[in-house]
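Keep in mind that what you see is a predicted model, and the values were worked out from it rather than measured.
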Amino acid sequence: QVQPVVAGGGLVQNGGSLRLSCAPSRHTFTTFSFSSYTVAWFRQTPGQEREFVAAYRWSADDTYYSDSVKGRFSIFKLSNSSQVYLQMNNVKPEDTAVYYCGAGRPNEATVATPRAYYYWGQGTQVTVSS
């Protein structure tokens with residue numbers, strides 16, 4: 001089973017910064033790569049639907065953001081790196097959620113739709129204190 005590996009998360013003060021990372025898992029027989037996928041971050045709070053945060057389309061180097069995080073969060077990869085990062089700046093209490101990394105092949109219309117993503121990493125809790 002392919003599962004991206006998520007790192008980062010934790011407790012951060014209102015207005016602070018945090019960085020999450022998502023790495024492709026290493027399958028026993030093959031090396032899973034993000035290079036042919038779109039990698040996205042979603043977040044979820046109890047009783048709510050999974051909410052789109054940002055996405056990175058690897059092949060085109062395109063990025064997508066929800067209106068709620070645009071200008072504060074940044075999704076990117078580093079050169080020669082297989083990981084996708086979510087840099088969270090100027091965080092707010094309403095950013096508190098469990099954050100998930102997903103990989104899939106959505107089109108422009110479905111990039112913000114959880115069902116468009118095949119593989120999901122474990123969630124990581126982000127808590128912003130006010």
Side-chain angles (χ1 to χ4, degrees):
Q1 179 68 28
V2 175
Q3 183 178 33
V5 179
V6 174
L11 179 65
V12 60
Q13 289 188 339
N14 187 18
S17 297
L18 201 63
R19 180 178 290 187
L20 308 181
S21 66
C22 179
S25 62
R26 187 173 297 277
H27 192 270
T28 302
F29 301 106
T30 61
T31 299
F32 176 59
S33 170
F34 283 152
S35 61
S36 62
Y37 291 87
T38 293
V39 179
W41 290 95
F42 287 77
R43 63 189 182 188
Q44 192 169 22
T45 54
Q48 300 297 314
E49 298 283 329
R50 195 164 289 191
E51 176 194 15
F52 173 74
V53 176
Y56 178 78
R57 193 183 300 277
W58 201 281
S59 60
D61 197 27
D62 284 340
T63 57
Y64 307 82
Y65 296 95
S66 68
D67 289 341
S68 62
V69 306
K70 197 172 295 182
R72 300 188 298 120
F73 291 11
S74 177
I75 188 169
F76 63 95
K77 73 171 184 73
L78 299 174
S79 299
N80 299 318
S81 172
S82 61
Q83 299 188 62
V84 174
Y85 299 89
L86 182 70
Q87 178 66 41
M88 306 167 62
N89 296 329
N90 190 24
V91 296
K92 304 175 181 180
E94 51 264 42
D95 294 321
T96 295
V98 176
Y99 283 70
Y100 295 91
C101 171
R105 295 194 175 103
N107 55 34
E108 292 288 325
T110 61
V111 70
T113 305
R115 292 181 180 179
Y117 295 84
Y118 318 139
Y119 307 115
W120 290 94
Q122 80 281 11
T124 186
Q125 177 70 46
V126 172
T127 302
V128 181
S129 62
S130 56

Student: Indicate yes or no: at least one non-hydrogen side-chain atom of Lys77 is less than 4.5 angstrom from one of Phe34.
Tutor: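 No. Closest side-chain heavy atoms not under 4.5 Å.
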Student: Any donor-acceptor pair under 3.5 Å linking the side chain of Ser74 with the backbone of Gln87?
Tutor: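 No, because the side chain of Ser74 does not come within donor-acceptor range (under 3.5 Å) of the backbone of Gln87.
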Student: Can you list the residues that meet the ring pair (Phe, Tyr, Trp, His ring centres under 6.0 Å) rule with Phe42, with sequence neighbours excluded?
Tutor: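 Checked Phe42 against ring pair (Phe, Tyr, Trp, His ring centres under 6.0 Å); matches are Phe52, Tyr117, Trp120.
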Student: List the atom of Pro24, the atom of Ser82, and the distance in Å for their closest heavy-atom pair.
Tutor: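 Between these two residues, the closest heavy atoms are CD-O, 3.1 Å.
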Student: May I ask you to test the Tyr100-Pro114 pair for a side-chain heavy-atom distance under 4.5 Å?
Tutor: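 No; the side chains remain at least 4.5 Å from each other.
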Student: State, to 0.1 Å, how close Tyr65 and Ala54 come at their nearest heavy-atom pair, and which atoms those are.
Tutor: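 That would be CD2-CB, 3.7 Å.
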Student: Check for a donor-acceptor pair, side chain of Ser21 on one end and backbone N or O of Tyr85 on the other, with a separation under 3.5 Å.
Tutor: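 Looks like no, no N/O pair under 3.5 Å.
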Student: To the nearest 0.5 Å, what is the distance between CG (Leu20) and CH2 (Trp41)?
Tutor: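 Leu20 atom CG to Trp41 atom CH2 measures 4.5 Å (nearest 0.5 Å).
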Student: Can you check whether Arg115's main-chain N or O pairs, donor with acceptor, with Thr113's side chain at less than 3.5 Å?
Tutor: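 Not at all, since once roles are kept as given, no pair shorter than 3.5 Å links the two residues.
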Student: Is a side-chain N or O of Tyr56 found less than 3.5 angstrom from the main chain of Leu86, in a donor-acceptor match?
Tutor: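 No: the side chain of Tyr56 does not pair with the backbone of Leu86.
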Student: Under the rule for ring pair (Phe, Tyr, Trp, His ring centres under 6.0 Å), what residues qualify as partners of Phe73, not counting sequence neighbours?
Tutor: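 With sequence neighbours excluded, Phe73 shows a ring pair (Phe, Tyr, Trp, His ring centres under 6.0 Å) to no residue whatsoever.
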Student: Give me the atom names and distance for the closest heavy-atom approach of Val111 to Ala55.
Tutor: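 Scanning both residues completely, I find the closest heavy atoms to be CG2-CB, 3.7 Å.
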Student: Of all the heavy-atom pairs spanning Thr110 and Ala116, show the shortest one and how long it is.
Tutor: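 The answer is O-CB, 3.5 Å.
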Student: Might you point out which heavy atoms bring Pro4 and Tyr119 nearest each other, and give the distance in Å?
Tutor: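 Heavy-atom minimum between the residues: CD-CB, 3.9 Å.
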Student: Any salt bridge (Lys or Arg N to Asp or Glu O under 4.0 Å) involving residues 84-113? Give me the pairs, sequence neighbours left out, ordered by first then second residue.
Tutor: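 Salt bridge (Lys or Arg N to Asp or Glu O under 4.0 Å) check on residues 84-113 returns Arg43-Asp95, Arg57-Glu108, Arg72-Asp95.
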Student: Measure the spacing between CG of Asn90 and CG of Asn14 and express it to the nearest 0.5 Å.
Tutor: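 With rounding to 0.5 Å, CG (Asn90) is 7.5 Å from CG (Asn14).
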Student: Looking only at heavy atoms, which two atoms of Gln125 and Thr96 are closest? And how far apart?
Tutor: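 Gln125 and Thr96 have their closest heavy atoms at NE2-CG2, 3.9 Å.
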